[in-house]
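For reference, the structure discussed in these notes is given below.
Order of the sequence lines sets the chain letters (A, B, ...), proteins ahead of strands, with each chain counted from 1. Here the structure is a predicted model, which means the values were calculated and not measured.
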Number of protein chains: 2
Amino acid sequence: MADLLPADTHPFVRKIESVSLFALSGPEREALATLPLQVADYAAQQDVVLEHDRPNRCFAVLSGLAATYKTTRDGRRQVLAYHVPGDLPDFQSLNLEVLDFSICAVSALRIGFVGHDALRAMFHAHPRLVDAFWRATLIEGSLSREWMLNNGRRESYPRMAHLFCELMVRLEIVGLASDHSCHLPITQYELGDALGISSVHVNRILKELREGGLITLSGGRLKVHDWAALRKAGEFDPTYLHLRSTDS
Amino acid sequence: MADLLPADTHPFVRKIESVSLFALSGPEREALATLPLQVADYAAQQDVVLEHDRPNRCFAVLSGLAATYKTTRDGRRQVLAYHVPGDLPDFQSLNLEVLDFSICAVSALRIGFVGHDALRAMFHAHPRLVDAFWRATLIEGSLSREWMLNNGRRESYPRMAHLFCELMVRLEIVGLASDHSCHLPITQYELGDALGISSVHVNRILKELREGGLITLSGGRLKVHDWAALRKAGEFDPTYLHLRSTDS
DNA sequence: CGACTAGTTGAACGACGTCAACCGTTGTGG
DNA sequence: CCACAACGGTTGACGTCGTTCAACTAGTCG
């Protein structure tokens, strides 16, 4: 079921255009827009790919939220990154035969698979696109470094504040948040997996943030009531997102 | 002060050869070996590059140990990765204008700088090398994901055991460890920055590991006395290192 | 010899985890 | 339509891991 979308809304075109350091040529844009996408839907909690898989395709998030995670042998889970529409969460599979992480759906998720062959053919025809995609993976790396600093060296209150700041900014960029409010159907248990703390403690920190008037998270919706305060609490500096047009 | 080394010991050749999925051609090896290197030496604790720099070159570790780190605003430091000889710690600077991390020398460090221009020219002439270098950065990403799991979800005892396992394996690969013993002139304070714990606690965990007969760390030397036990304690599975020839 | 640095250890404290109870909502089947 | 199970959120009590502070030791360098 190949699904062709109009070029300007095609996820690859939007993403690469926003990431690359040069303006895409017509043929390059065309090549991206005509990449054959295999669309698939996942319910929350379902896994898309698993550690030790050897995929021959990678995928883009079309809608919904995905999470990269790893688990220890005794089953403790650590979420390493969230992926918003436009992201290419397992792009490394193109050059790394066996996956070292799993990716699951956080909310209802629609993704588009692209075969490695098709990508390699495109790169052969349009070598500049390699730089652009490479850059996309490097930006993901930058996010993960900030995540490491956040989880390693900030206590849970600023840590959670930082996470909410990042999510809000990234969702705003792709048009999924407005007025500092976004759809975020995530359980407190899952939040704990991302922050490296227990769900009980998540609950307490959420309460603190709520009673401080910074945010509310309920009914699957995150609302930031005091952006300046949240940003300050999380020591949030968006430089590491490598945005090209800075706002807020 | 350009410094030309014999091709088989040239750090780029060794590294890319060990990382790439295809055998390098003569001209490719030649191009790597003749990359002009600007050699520089750093004392322990000195910074090589700093967050917010906009470098026009990147570097390879020639000898010694380097560390990538970030700091919070109030000065708490988190080490994100260690780099052994052959590694390309800031290769992302080629496609990411402004650095989002700093790199410092852990022990006496010798590095070789290569200008971005020279690299780009080489990639233009030998497009397959792009894949190889890309793959090198992806493997670094894999290490950082395991690091995130380790620091996020393991307690300090297994966490430290895991770190020592990784360092030992990586140093063995580049010939800097033998008999499960290696030069590791690192203070307990710095170890704490890597593991996200205080130096006092590092001391106590080291004592536990020592009294359990697993390792000793003194006089700038790490000795593993019971590799099987250390590996078990750290739940260490080297898959994430993406080695091509597995040993031990 | 004194000053400095890294390591070592104890004691008190704090952050976060664990356990357990309870509540509210949702969904399902009799 | 109601009963009830299942699940996520909320809260308290208590335990543990790791931090902080502080004192002391040992090695090194001038």
Side-chain angles (χ1 to χ4, degrees), chain A residues 43-46 72 74-79 106-108 150-164 183-212 215-223 233-234, chain B residues 43-46 72 74-79 106-108 150-164 183-212 215-223 233-234:
Chain A
Q45 323 298 340
Q46 261 189 300
T72 59
D74 58 332
R76 286 136 65 93
R77 209 170 86 117
Q78 176 69 49
V79 170
V106 174
S107 58
N150 196 38
N151 281 14
R153 282 304 187 190
R154 281 197 265 263
E155 299 194 336
S156 43
Y157 181 91
R159 193 187 301 180
M160 187 178 289
H162 191 281
L163 175 60
F164 287 150
H183 182 58
L184 190 65
I186 194 175
T187 67
Q188 297 182 355
Y189 191 90
E190 292 173 287
L191 260 182
D193 284 343
L195 296 167
I197 61 181
S198 70
S199 62
V200 174
H201 202 57
V202 166
N203 186 286
R204 292 195 236 267
I205 305 293
L206 278 174
K207 185 182 178 188
E208 265 188 78
L209 285 166
R210 189 191 325 127
E211 291 179 348
I215 63 136
T216 49
L217 177 64
S218 69
R221 180 153 281 272
L222 171 66
K223 292 182 190 173
Chain B
Q45 322 299 338
Q46 260 189 301
T72 60
D74 59 332
R76 284 137 67 93
R77 208 170 86 118
Q78 177 69 50
V79 170
V106 174
S107 58
N150 196 38
N151 281 12
R153 283 304 188 189
R154 281 197 264 263
E155 300 193 335
S156 43
Y157 182 90
R159 194 186 301 180
M160 186 178 289
H162 190 282
L163 175 61
F164 287 150
H183 183 58
L184 190 64
I186 193 175
T187 68
Q188 297 182 355
Y189 191 91
E190 294 172 286
L191 261 181
D193 284 343
L195 296 166
I197 62 182
S198 69
S199 62
V200 173
H201 201 56
V202 166
N203 186 286
R204 292 195 235 269
I205 304 295
L206 277 174
K207 185 182 178 188
E208 264 188 78
L209 285 166
R210 189 190 327 126
E211 291 180 347
I215 62 136
T216 49
L217 176 65
S218 69
R221 180 153 283 272
L222 171 66
K223 292 183 190 173

Please state whether the base of D:dT20 and the side chain of B:R204 form at least one donor-acceptor pair under 3.5 Å? yes
Here the distance between atom C1' of C:dG14 and atom OH of A:Y157, to the nearest Å, is 18 Å
Which residue lies toward the 5' end of DNA chain D, A:R153 or A:S199, if each is placed at its nearest nucleotide? A:S199
Given C:dA15, C:dG10, C:dA20, the nucleotide with the shortest approach to the side chain of A:E155: C:dA15
Between B:I205 (CD1) and D:dT19 (C1'), how many Å, whole number? 13 Å
Restricting both atoms to N or O, compile the protein contacts to nucleotides 4-7 of chain C shorter than 3.5 Å, with distance only.
from  : atom 1 : to     : atom 2 : distance (Å)
C:dG7 : OP2    : B:Q188 : N      : 3.0

Just call it for B:S156: base, sugar-phosphate, or nothing, with non-hydrogen atoms closer than 4.0 Å on any strand. sugar-phosphate
Please check if the side chain of A:N150 supplies one atom and the backbone of A:L195 the other of a donor-acceptor pair under 3.5 Å. no
Minimal heavy-atom distance between A:V79 and A:R77, with the atoms involved, is CG2-NH2, 3.8 Å
Answer yes if the side chains of A:S107 and A:H183 hold a donor-acceptor pair under 3.5 Å, and no otherwise. no
Looking at A:R76, is its backbone amide N or carbonyl O close enough to the side chain of B:R153 to form a donor-acceptor pair, meaning the two atoms are under 3.5 Å apart? no
Gap between atoms CG and P, on A:L191 and C:dG17 respectively (whole Å): 13 Å
Applying side-chain contact (heavy atoms from CB on, under 4.5 Å) between A:Q188 and each of A:L217, A:V200, A:N203, report the one that passes. A:N203
Roughly how many Å is it from CD1 in B:I197 to P in C:dG14, rounded to a whole number? 21 Å
OP1, OP2 of C:dT9 versus side-chain N and O of B:K207: anything below 4.0 Å? yes
